[in-house]
*Asks:* 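Dropping the structure in here first, questions after.
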Amino acid sequence: MTIIIKVDSENPSIEKIRRAAEIIRKGGTVAFPTETVYGLGADALNPEAVRKIYEAKERPPTNPLIIHIAEKKEVYRLAEEIPEKAFELMDRFWPGPLTLVLRASEIVPKITTAGLETTAIRMPSHRVALALIRESSRPIAAPSANLAGRPSPTTAEHVIEDLYGRIDAILDGGPTPVGVESTVLDMTTEPPRILRPGGVPREDLEEVLGRVEVKQTYRRYKLRMEVILVEGEPKSVIRKVRELAGLYLSRGRRVGILTIDEHKPMYETYRTMHRCEVKSLGSRKDPAVIARNLFGLLREFEGMGVDLVLAEGFKVEGLGLTIMNRLRRASGLNIVKA
Ligand code: AMP
Ligand code: MG
């Protein structure tokens with residue numbers, strides 16, 4: 001049984017937070033909203049509790065968890081040999097969507113770090129997340145609250161889809177405002193390295209750090225549909241997407257087109273066609289909105305029974321790097337150059 005607790009994300013009721021915190025303190029699992037995506041939380045310092053996260057998600061034991069804290073001073077307990085620049089980053093970006101990989105202290109259980117000498121730490125800015133951490137008076141280990149390999153959940157409904165019956169509780173605080181995961185930055189290397197682009201753009205980190213390396217991986221999402229990513233100049237992308245939509249529709253496929261507000265009218269003829277769905281992520285002028293809508297729209301296409309999504313590519317600058325990282329993962333690097 002999973003209990004669902006609805007909370008006001010702006011002004012969460014303390015009684016509701018305490019119910020969830022009690023579950024964390026007793027070694028249970030609670031999904032909760034952060035500003036990035038929903039996390040599946042458990043007491044980061046309790047190996048038995050952390051094991052339940054891996055089980056519920058069917059997460060491989062080699063994939064470490066992020067520890068969430070509500071006070072900066074907690075990093076002194078959890079990490080060692082913290083470089084000076086890391087403190088500058090904490091001052092500028094915490095609370096917020098930046099995760100720092102640091103040398104782990106010995107109080108961090110091996111299961112939380114997946115056996116690594118390092119640990120990943122972040123202070124979220126979401127009121128519900130902060131209240132839950134404070135009321136549990138424990139650091140909370142929380143990967144995204146999805147089955148391993150699925151796109152991260154940005155609503156409580158997404159969490160229910162993947163994890164209902166597998167976890168103790170869900171704090172439902174509505175949709176998450178950033179909608180993509182945190183930027184994971186390894187501060188144990190020189191220069192520091194982005195292991196996962198996320199809510200804080202590379203350019204913002206470089207203002208503090210100088211040069212930053214990016215080492216991305218593209219593990220493909222488990223989706224019940226195929227995704228083809230079309231990259232190139234806007235005009236050629238539209239032409240290619242239209243061509244591919246026509247081709248696959250004629251082969252009887254159920255096609256989804258993932259576009260932006262500015263391009264949506266170009267697909268009007270397809271939108272009115274049977275077996276074709278056109279959805280916009282938002283305006284090109286607002287990459288934050290595009291990032292916020294991405295995971296939800298992928299799940300919507302799935303829910304509609306679309307079996308092939310044609311997704312338009314973006315420029316890899318600012319949040320565009322993060323958006324393209326997730327689209328490349330969705331496509332399994334099935335990329336067409338227009
Ligand atoms: P999730 O919160 O589900 O997005 O997963 C946590 C992310 O943080 C994964 O991409 C992990 O590989 C990454 N991560 C956590 N701890 C470490 C670490 N010690 N070193 C490198 N990456 C880490
Ligand atoms: Mg995840």
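Counting convention: from 1, in listed order, for ligands and their atoms alike. This is a predicted model, so every value here is computed, not measured. The residues of the chain are indexed from 1 along the displayed sequence. The analysis underlying the following values was restricted to heavy atoms, covering all of them including side chains, and did not include hydrogens, waters or symmetry mates.
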*Asks:* For ligand 1, which atoms sit closer than 4.0 Å to a heavy atom of L195?
*Replies:*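 With L195 as reference, the close atoms of ligand 1 come out as 21 (C), 22 (N).
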
*Asks:* Counting only heavy atoms not in E233, do more than 12 fall under 6.0 Å of its CD?
*Replies:*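 No - once you tally the heavy atoms of other residues, nucleotides and ligands closer than 6.0 Å, there are 12 at most.
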
*Asks:* List the steps and the verdict of side-chain contact (heavy atoms from CB on, under 4.5 Å) for R328 and L229.
*Replies:* CA-CA 7 Å; R328 284 174 181 155; L229 178 58; 3.6 Å; yes

*Asks:* Which residue supplies the protein heavy atom nearest to atom 12 (O) of ligand 1, what is that atom called, and how far is it?
*Replies:*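 I find the closest protein heavy atom is N63 OD1, 3.1 Å.
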
*Asks:* If the contact criterion is a heavy-atom separation under 4.0 Å, does T113 count as touching ligand 1?
*Replies:*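 No heavy atom of T113 comes that close to ligand 1.
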
*Asks:* Report yes or no: do I5 and Y38 belong to one cluster of Ile/Leu/Val/Met/Phe/Trp/Tyr joined by side chain heavy-atom distances under 4.5 Å?
*Replies:*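 Not linked; separate clusters.
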
*Asks:* Apply the test side-chain hydrogen bond (donor to acceptor under 3.5 Å, both in side chains) to residues S182 and R196: give CA-CA distance (whole Å), side-chain angles for both, the deciding distance (0.1 Å), then the verdict.
*Replies:* CA-CA 8 Å; S182 60; R196 173 179 75 186; 3.1 Å; yes

*Asks:* Can you check whether V241's main-chain N or O pairs, donor with acceptor, with Y267's side chain at less than 3.5 Å?
*Replies:*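 The answer is no, because no donor-acceptor pair under 3.5 Å joins these two groups.
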
*Asks:* Looking only at distance, does R59 have an N or O less than 3.5 Å from an N or O of ligand 1?
*Replies:*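 Between R59 and ligand 1, an N or O pair is found under 3.5 Å apart.
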
*Asks:* Please say yes or no: joined through hydrophobic side-chain contacts below 4.5 Å, possibly via intermediate residues, are M266 and L281 part of one cluster?
*Replies:*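 As far as the 4.5 Å side-chain criterion goes, L281 and M266 are not connected within one cluster.
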
*Asks:* For ligand 1, note which part of T118 has a heavy atom under 4.0 Å away: side chain, backbone, both or neither.
*Replies:*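 T118 to ligand 1: contacts from backbone and side chain alike.
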
*Asks:* Using a 3.5 Å cut-off on N or O atoms only, is R196 in polar contact with ligand 1?
*Replies:*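 Yes.
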
*Asks:* Tell me the contacting part of T119 for ligand 1: side chain, backbone, both, or neither, using a 4.0 Å heavy-atom threshold, strictly below.
*Replies:*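 Backbone only; the side chain of T119 stays clear of ligand 1.
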
*Asks:* Specify side chain, backbone, both or neither for R219, according to which of its non-hydrogen atoms lie closer than 4.0 Å to ligand 1.
*Replies:*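 No part of R219 is near ligand 1 at this cut-off.
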
*Asks:* Identify the heavy atoms of K264 and S280 that sit nearest to each other, and give their distance.
*Replies:*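 Between these two residues, the closest heavy atoms are CD-CB, 4.0 Å.
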
*Asks:* Could you work out, for atom 17 (C) of ligand 1, the closest of P64, P143, S182 by heavy-atom distance?
*Replies:*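 Going through P64, P143, S182 one by one, P64 has the nearest heavy atom to atom 17 (C) of ligand 1.
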
*Asks:* Could you tell me whether any N, O or S atom belonging to N146 is less than 2.8 Å from the Mg ion (ligand 2)?
*Replies:*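 False for N146.
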
